[in-house]
Every structure is written in structure tokens, then in C-alpha cells.
There are 2 protein chains.
Amino acid sequence: MSETTRALRSDAERTVRTILEAAERVLSRNPAASMEQIAEAAGVARTTVHRRFASREALVGAMAAWATRQFAAAVEAAHPDNTPPLVALYQVTANVLRVKLDWGFAMSRALSADPEVARVHADVEERCRRLFHRAREVGVLRADVDPEWARRVYYALIHEAAESRDGDADAMATRLVDTLLRGVGTGRGLG
Amino acid sequence: MSETTRALRSDAERTVRTILEAAERVLSRNPAASMEQIAEAAGVARTTVHRRFASREALVGAMAAWATRQFAAAVEAAHPDNTPPLVALYQVTANVLRVKLDWGFAMSRALSADPEVARVHADVEERCRRLFHRAREVGVLRADVDPEWARRVYYALIHEAAESRDGDADAMATRLVDTLLRGVGTGRGLG
DNA sequence: TCAATTTGCATCATAACTGTTGCAAGTCTA
DNA sequence: TAGACTTGCAACAGTTATGATGCAAATTGA
């Protein structure tokens with residue numbers, strides 16, 4: 001590839017990124033927003049968006065693919081298979097929250113569409129299951145709680161924390177893991 | 001009102017209910033479904049839907065209003081202000097889950113739109129806050145947990161439980177409250 | 001059976017969004 | 001400066017959803 005082509009492709013890729021980020025901003029507030037609104041938020045003409053993404057579906061797909069790559073990288077960076085479960089839980093949580101704060105809409109759309117995206121998500125989910133299994137084996141997680149329910153609760157808490165945007169990712173992760181493991185009760189029954 | 005009118009109005013109201021229930025079924029699966037799809041699911045012509053509801057917005061508004069009434073009644077039935085906090089928590093949870101299982105979409109759209117609906121939701125939220133406050137005072141809830149975060153977690157768990165549809169409302173409520181109060185951890189640290 | 005009402009059907013108008021194309025103007029590199 | 005490429009603008013076609021209306025048929029109670 002010539003230097004010229006590379007430079008020009010850089011420009012194009014910058015535009016693509018700008019559009020993806022604008023789309024995330026707009027669609028996270030209103031999932032039914034039009035291409036026009038997305039283009040306006042990106043500071044480009046609607047035709048430019050259509051030149052870069054053949055259809056609305058392709059745009060959302062690209063958003064999902066991009067967010068999914070970040071997501072997988074965030075989980076990977078925490079080495080969830082090679083650190084003590086509790087440590088991994090904190091690291092994964094904080095890393096994922098950082099991504100989810102910026103790509104909430106894209107991540108919510110990541111389940112359908114592209115098979116490659118679905119595969120990565122299934123991979124991460126499986127990793128999560130393994131992590132929870134290890135946590136249970138070392139006694140961090142209760143044995144009398146359905147692992148699937150525990151995972152669902154974990155996902156729900158991550159979603160809720162990202163929505164609340166209360167504090168930075170580390171503070172949120174700390175509170176989230178605390179709540180996940182200890183709950184919000186004292187254990188004193190009726191008090 | 002004449003007997004005739006009453007009988008005829010009864011018919012009309014039956015149709016309205018049929019449409020509302022069909023709309024819930026259809027829109028909970030696909031929020032972007034068309035009026036045509038809703039009409040088909042209700043077994044009526046699209047024009048009939050338009051005759052009963054001036055616009056799509058009016059239909060969704062009616063769904064929200066209907067679900068909100070059920071929601072408020074579900075909370076009310078548990079007498080959350082006059083029973084021990086832990087008991088009220090169980091009762092409210094089970095009752096709300098029953099409504100949410102049937103009117104998930106309508107309840108998710110209850111926040112915007114109609115001011116009356118918004119008021120009822122604000123009322124219920126305030127009731128929830130009072131309940132949590134009492135629970136904290138009698139030592140059921142930890143004093144070191146932000147009450148607002150606790151409430152958010154509670155809402156998130158209700159949402160997740162309703163999504164999972166794992167078991168009946170009572171079983172779900174039992175598990176939900178257990179998770180809310182004790183979490184899924186053993187409290188044994190790194191194990 | 002009569003009268004009121006509701007429904008289905010066909011049809012129409014309108015609006016909005018999507019996606020495409022041609023062309024002039026701009027940018028960046030060689 | 002020349003060339004390759006990208007962008008904005010304007011205009012267009014096609015599709016789809018929305019909402020309204022007139023009329024015949026069906027229902028229901030009196």
C-alpha cells in the first residue's frame with residue numbers, strides 16, 4: 001500500500017470513528033434516532049454516513065463489532081483465568097465498566113446480528129462462568145446459589161452501575177463487587 | 001346510562017383490553033413493531049386499533065397507564081408502610097413480579113409520557129425509599145450502603161428476575177430478596 | 001325485527017426515513 | 001502544481017408507517 005493511500009485511508013478511518021462515536025452518543029439516548037440525527041451529531045453530511053456504512057444495520061453492526069473488540073480486550077486484560085477469582089472479579093468489573101460507560105448502546109446490541117460478535121460474547125460469557133466456578137471452588141461464592149443466577153445478577157449489576165455513572169470505574173467496581181458478594185443486608189434477619 | 005349502551009360499551013372495552021394485551025405481547029418482543037403487527041396479534045383490523053387509540057403514542061400511553069395502575073395496586077396490596085420491613089420486602093417483590101411478568105414493556109415505558117403515570121411511579125419510588133429507610137433502622141439493611149444504590153440494585157434485580165422467568169413469582173421473590181440482602185458470596189474473602 | 005354500534009375492508013393522503021447518484025469544492029500527498 | 005480521494009449539497013426514487021374515511025356486514029340488546 002502506497003504512502004498516499006495509507007494517509008487517505010487514515011482520513012477515512014478517522015471519519016468512521018467519528019461517526020461510530022456520534023452514533024453511540026445519539027442512539028444511547030434514542031435508539032430510534034434517524035441517520036440524519038447521527039450524521040448531524042458527527043458533524044458530517046448524511047450522505048457521508050451512507051457512503052461509509054451501506055445501511056443502518058451495517059452501522060449498528062460496526063458499532064457492535066467495535067464495542068465487542070473493546071469488551072473482549074477489557075476482559076482479556078484482567079487475565080480472569082490466571083489470577084485469584086476475587087482479584088479477577090475486581091479487575092474484570094472495572095475494565096468492563098470502562099468500556100460500557102462509553103459503548104453502552106453498542107454493547108446492548110451485541111447479542112444479535114454478526115455471528116463473529118455473538119461468538120466473542122459467548123466466549124466472554126463462558127469465561128465468566130469459569131471464573132464463577134473457580135470462585136465457588138475456593139469458597140468465595142456460596143455453593144447454594146445457582147451459578148446461572150449469580151452470573152445474571154452480576155451482569156445486571158454491571159448494567160445498573162454503568163447506568164448510574166456514580167463515581168469512576170474503580171469506585172463503581174469496588175461497590176459493585178461488594179454488593180454482589182455481601183448484598184445490602186446485615187444478615188440480622190428481622191432486626 | 002342505558003343497558004344497551006352499557007352492553008355495547010362492554011364490547012368496546014373488551015376490544016380495548018384485547019388490543020392492550022396483544023400490544024404488550026408484540027412490543028415486548030419487538031419495541032419497533034408496527035400497528036399492523038399489533039392489530040394482527042389482537043385479531044382485529046388495523047383501522048380498529050386506530051379507532052380506539054388516536055395514535056401509536058396514545059396506545060403506548062394507555063398501556064403504561066394500565067400497567068401503572070396494576071403496579072400501584074400490587075405495591076399497595078403489600079401494605080409496605082405497615083408491616084415489618086422484611087415481610088413487606090417479600091410481599092412487594094412477589095406482587096410486583098407478578099405484574100412485571102405480564103406487563104414488562106408497558107412498565108418500561110412508564111417513566112416518560114403521561115404526568116399522572118409519572119406521579120404514580122414517583123409515589124411508588126418514594127414508598128420504596130421509606131421501606132428501605134425503615135429496613136435500615138431496624139437493622140435489616142446495612143447502614144454503610146448508599147440507600148439510593150440499594151434501591152437501584154433492588155430495581156435491577158426485579159428487572160433481571162422478571163427477564164429470567166425462572167420459577168413462579170414467589171420462588172423468584174424468595175431468591176431475589178435473599179440475593180439482595182446476602183449477596184452471592186460467602187464472606188470468606190479470598191477463600 | 002329494529003336500531004345503535006362496532007367491525008372489517010378497501011382506499012387514500014401524508015410524512016418520514018432510507019439509500020443512491022452527479023457534481024463542484026476541498027484536502028492532502030507526491 | 002497535478003492527481004487521487006473525500007466531502008457536502010441537492011435531488012431523486014422507493015419503501016414503509018401512520019392516520020383518516022366511506023360503506024357494507026355483523027353483532028347485540030330492546
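Convention: sequence-line order gives letters A, B, ...; per-chain numbering from 1.
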Exercise for review: Just grab all the ring-ring contact (aromatic ring centres under 6.0 Å, His included) pairs involving residues 113-147 of chain A, residues at least two apart or on different chains.
Suggested key: Phe71(A)-His121(A), Phe132(A)-Tyr154(A)
Point to revise | Lys/Arg-Asp/Glu bridge criterion (N-O < 4.0 Å) met for Arg17(B), Glu13(B) | key: no
Review point. Considering only heavy atoms from C-beta outward, does the side chain of Arg98(A) approach that of Asp170(A) to under 4.5 Å?
Key: yes
Practice item. Could you tell me the separation between the CD atom of Glu36(A) and the P atom of dG8(D), rounded to a whole number of Å? Key: 12 Å
Revision key, fill the gap. From the list Leu59(B), Thr47(B), Val16(B), side-chain contact (heavy atoms from CB on, under 4.5 Å) with Arg52(B) holds only for Val16(B)
Practice item. Kindly say if His50(B) contacts the phosphate of dA20(D), meaning a side-chain N or O under 4.0 Å from OP1 or OP2. Key: no
**Study point:** Between P of dT6(C) and CZ of Phe53(B), the distance in whole Å
**Key:** 14 Å
Exercise for review: Take the protein atom CD1 of Ile38(B) and the nucleotide atom P of dA17(D), then report the distance between them rounded to whole Å.
Suggested key: 12 Å
Practice item. Compare all side-chain heavy atoms of Leu20(B) with those of Trp103(B) and state whether any distance is below 4.5 angstrom. Key: yes
Revision key, fill the gap. Rounded to whole Å, CD of Glu13(B) lies from P of dT7(C) at a distance of 12 Å
Point to revise | For Arg136(B), salt bridge (Lys or Arg N to Asp or Glu O under 4.0 Å) partners two or more places apart | key: none
Review point. What nucleotide, of dG8(C), dC17(C), dT6(D), holds the atom closest to the side chain of Val44(B)?
Key: dG8(C)
Practice item. Write down the distance between CZ (Arg56(B)) and P (dA16(C)), rounded to a whole number of angstrom. Key: 16 Å
Check your understanding: Ile19(B) CD1 to dG8(C) P: how many Å, rounded?
Key -> 9 Å
Study note, to complete from the structure: In whole angstroms, the gap separating C1' of dC17(C) from CG of Asn30(A) amounts to 14 Å
Check your understanding: Which nucleotide in the set dT18(C), dT6(D), dT18(D) lies at the smallest distance from any side-chain heavy atom of Arg52(A)?
Key -> dT6(D)
Protein-nucleic acid N or O pairs under 3.5 Å, nucleotides 9-13 of chain C:
residue : atom : partner  : partner atom : Å
dC9(C)  : N4   : Thr47(B) : OG1          : 3.4

Exercise for review: Considering just the side-chain nitrogens and oxygens of Thr48(B), establish if one lies under 4.0 Å of OP1 or OP2 belonging to dT7(C).
Suggested key: no
Practice item. Using the side-chain contact (heavy atoms from CB on, under 4.5 Å) rule, take Thr179(B) and Trp149(A) through it: C-alpha gap first, then chi angles, then the decisive distance, then the call. Key: CA-CA 10 Å; Thr179(B) 301; Trp149(A) 168 246; 2.8 Å; yes
Check your understanding: Over how many whole Å does the gap from Glu40(B) atom CD to dG8(C) atom P extend?
Key -> 13 Å
